[in-house]
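Before any comments, here is the structure.
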Protein chains: 2
Amino acid sequence: MLNEDIKTVAHDCGDCPIRHRAVCARCEADELERLEEIKYYRNFQAGQTIIWSGDRMDFVGSVVSGIATLTQTMEDGRTQMVGLLLPSDFVGRPGRDGSPYDVVATTDMVMCCFRKKPFEELMADTPHIAHRLLEMTLDELDAAREWMLVLGRKTAREKIASLLSIIARRDATLNLQTQQNSLVFDLPLTREAMADYLGLTLETVSRQISALKRDGVIELEGKRHVTVPDFSRLLDEAGDDSDGGMLS
Amino acid sequence: MLNEDIKTVAHDCGDCPIRHRAVCARCEADELERLEEIKYYRNFQAGQTIIWSGDRMDFVGSVVSGIATLTQTMEDGRTQMVGLLLPSDFVGRPGRDGSPYDVVATTDMVMCCFRKKPFEELMADTPHIAHRLLEMTLDELDAAREWMLVLGRKTAREKIASLLSIIARRDATLNLQTQQNSLVFDLPLTREAMADYLGLTLETVSRQISALKRDGVIELEGKRHVTVPDFSRLLDEAGDDSDGGMLS
DNA sequence: CGAAGCGTTGAGATAAGTCAATTAGTGTGG
DNA sequence: CCACACTAATTGACTTATCTCAACGCTTCG
């Protein structure tokens, strides 16, 4: 335990691809050691539900790779996606037993999990974790509020453009493959999932994507592969001001 | 209407009406002392803008009395309310210069402000403040996400019912005046502000309120004074499951 | 009184939803 | 290898909830 205790599948925090962005980003070496003691990895398959709304959770954790969604569902089946979890995002809420949302893997995923109780104790001891978690939570709150504007006030076309620009922006920061001005990425969501994110029907999503394609705002290859020839044009369609600082 | 005219002479934290709910709720006596050194009170009039979106903020603080709204506005004027600030709620974001939202007082307000720089230093020292702020931020995030469901998936009638039940619930916890099963409160928002909260037009808000009144879900005296004869009926109209635990 | 702010109500327009048919891609098994 | 089933996505025709535009009523206030 003192030495390099290499677990079967376990990665070393030093090599972790999300080391600098996740909840552990600010940890010192000794704090990382304590985290390593309570961490374990879990794999999920695309489509698998990670946490059911209302269920007791005995862990919290970080998304290492893959994508998950947070959704809320009404009794009659209407569902609203309330968050998209990308690599480095945090799952779970210290200090509360259950999740108010379903958490579902939309792609194959790897999560770095921490047993909840020890994690909470660790949080009380080490300000770096709590501080980073506060920072991340404030960011998520801002994102949620920005999404409220999308849901409450934007047209279907603007909603689609907003979603595409968010995905494009994320992909650009993760994969760093901007060629000139044009962006290329794969949609990680089905039309139905997009509809649930945007508060639309899947038919409307499909129609608006076709319209954006027809108008040359995007190019489609197959159903999922998207090229954005002019990102500022897309932002324009989203109703956001100028380029949002991304091309700077 | 008010029996006690709250003149905000309460400059001592010990007497503070929000002492047990605000960001300072968990503070020990010595921490409170340090807070008192950097705090000051500010009054705002109904309608006054407290912070403009994008402006530099040199303070953070707590709502002591009154109500404020957080709103986002698009270039063409469409606006979406993204939060409602009630007594004990926290304003501002440590670690960031500007607010992404307009913060506007909808009633006369008193705020307990802290100079931002010293507050941030204090936060680094005293885990109780940071911990409480994390807790409050997580609550706000949950509330924002619940609101995303309202904005994305509920009908106009359900939206109105949702808003009324939130206001009713808040009023019940603040004023503790539940008479049997029926709740009475005043709407703190104009029809237009409600529309901005709900992603509707003010005409639709007006029509749906009239409809709920016609159907006996609510009773109206004047434009603002609301009686809810049967709270579970209201929750039913909101599309939420049963009583949400409030009458327990 | 007249103006201004807030709210209600009506009539018609429209964006998005619903229902339904069709296509395309993918995997399965005889 | 071809039918078959199955899912994701597209597209069309029609319906509808909500918006838009407009008129009007009620208070408040100078």
Side-chain angles (χ1 to χ4, degrees), chain A residues 45-47 69 74 76-80 104 106-107 150-164 186-215 218-226 237-239, chain B residues 45-48 69 74 76-80 104 106-107 150-164 186-215 218-226 237 239:
Chain A
Q45 295 179 332
T69 60
M74 295 171 68
D76 61 9
R78 282 176 282 177
T79 82
Q80 175 65 49
V104 181
T106 58
T107 66
V150 173
L151 290 173
R153 290 302 185 194
K154 292 197 178 178
T155 65
R157 170 182 264 244
E158 289 169 333
K159 284 178 175 181
I160 299 287
S162 298
L163 179 57
L164 292 176
D186 283 301
L187 288 173
L189 302 173
T190 65
R191 299 289 187 264
E192 185 177 20
M194 293 172 72
D196 283 343
Y197 205 176
L198 296 167
L200 297 170
T201 60
L202 64 91
E203 293 95 330
T204 299
V205 169
S206 183
R207 275 187 253 271
Q208 295 300 332
I209 288 180
S210 298
L212 287 175
K213 180 174 146 195
R214 190 183 322 119
D215 298 345
I218 58 173
E219 287 154 27
L220 266 187
E221 203 174 335
K223 308 300 185 188
R224 298 290 193 91
H225 194 73
V226 179
E237 294 285 355
Chain B
Q45 296 180 330
Q48 198 175 348
T69 60
M74 294 171 68
D76 61 8
R78 281 176 283 176
T79 83
Q80 175 65 51
V104 182
T106 58
T107 65
V150 173
L151 290 173
R153 289 303 185 194
K154 293 197 178 179
T155 65
R157 172 183 263 243
E158 288 169 334
K159 285 179 174 180
I160 298 287
S162 297
L163 179 57
L164 292 176
D186 283 299
L187 288 172
L189 302 173
T190 65
R191 298 291 186 264
E192 185 176 21
M194 293 173 72
D196 285 342
Y197 205 175
L198 296 166
L200 297 171
T201 59
L202 64 90
E203 293 95 330
T204 299
V205 169
S206 184
R207 275 187 255 271
Q208 294 299 335
I209 288 180
S210 297
L212 287 175
K213 180 173 146 195
R214 189 181 323 119
D215 298 343
I218 59 172
E219 287 154 28
L220 268 185
E221 204 174 334
K223 309 299 185 186
R224 299 291 193 93
H225 194 72
V226 179
E237 293 285 355

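Just so it is clear, the model here is predicted, and its values are computed rather than measured. The sequence lines fix the lettering, A, B, ..., with proteins before strands; numbering per chain opens at 1.
Rounded to whole Å, the distance from CG on L202(B) to C1' on dC19(D) is 11 Å. H225(A) places its NE2 atom 21 Å from the P atom of dA24(C), with the value rounded to the nearest Å. Rounded to an integer number of Å, the gap from E221(A) CD to dG25(C) P is 12 Å. Going from atom CZ of R214(A) over to atom P of dA9(D) covers 18 Å, rounded to whole Å. Computed from coordinates, the L220(A) CG to dA8(D) P distance equals 17 Å when rounded to whole Å. Look at CD1 on I160(B): it is 12 Å from C1' on dT18(D), rounded to the nearest Å.
Counting only residues at least two apart or in different chains, side chain to side chain donor-acceptor pair (under 3.5 Å) contacts with residues 203-214 of chain A comprise T201(A)-T204(A). Screening residues 150-163 of chain B for salt bridge (Lys or Arg N to Asp or Glu O under 4.0 Å) gives R78(A)-E158(B), D196(A)-R153(B), K154(B)-D240(B), R157(B)-D215(B), R157(B)-E237(B) as the qualifying pairs, with residues at least two apart or on separate chains.
Expressed to the nearest 0.5 Å, how far CD1 of I209(B) lies from CD1 of I160(B) amounts to 5.0 Å. Atom CD in E192(A) sits 6.0 Å away from atom CG in L202(A) (nearest 0.5 Å).
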Write out a two-atom table: protein N or O, nucleotide N or O from nucleotides 23-28 of chain D, distance below 3.5 Å.
none

For nucleotides 13-18 of chain C, which of its nitrogen or oxygen atoms have a protein nitrogen or oxygen under 3.5 Å away, and what is each distance?
{"residue": "dA16(C)", "atom": "OP1", "partner": "A156(A)", "partner atom": "N", "Å": "2.8"}
{"residue": "dG17(C)", "atom": "OP2", "partner": "T201(A)", "partner atom": "N", "Å": "3.3"}
{"residue": "dG17(C)", "atom": "OP2", "partner": "T201(A)", "partner atom": "OG1", "Å": "3.2"}
{"residue": "dG17(C)", "atom": "OP2", "partner": "T204(A)", "partner atom": "OG1", "Å": "2.5"}
{"residue": "dT18(C)", "atom": "O4", "partner": "R207(A)", "partner atom": "NH2", "Å": "2.8"}

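For V226(A), the side chain to side chain contact (heavy atoms under 4.5 Å, CB included) criterion is met by F185(A), L187(A), I218(A), L220(A), V228(A), not counting sequence neighbours.
In this model, the phosphate group of dA8(D) is not approached by any side-chain N or O of S206(A) to a distance below 4.0 Å at OP1 or OP2.
Using a 4.0 Å cutoff on non-hydrogen atoms, the parts of residues 187-194 of chain A near DNA chain D are T190(A), R191(A), ordered by number.
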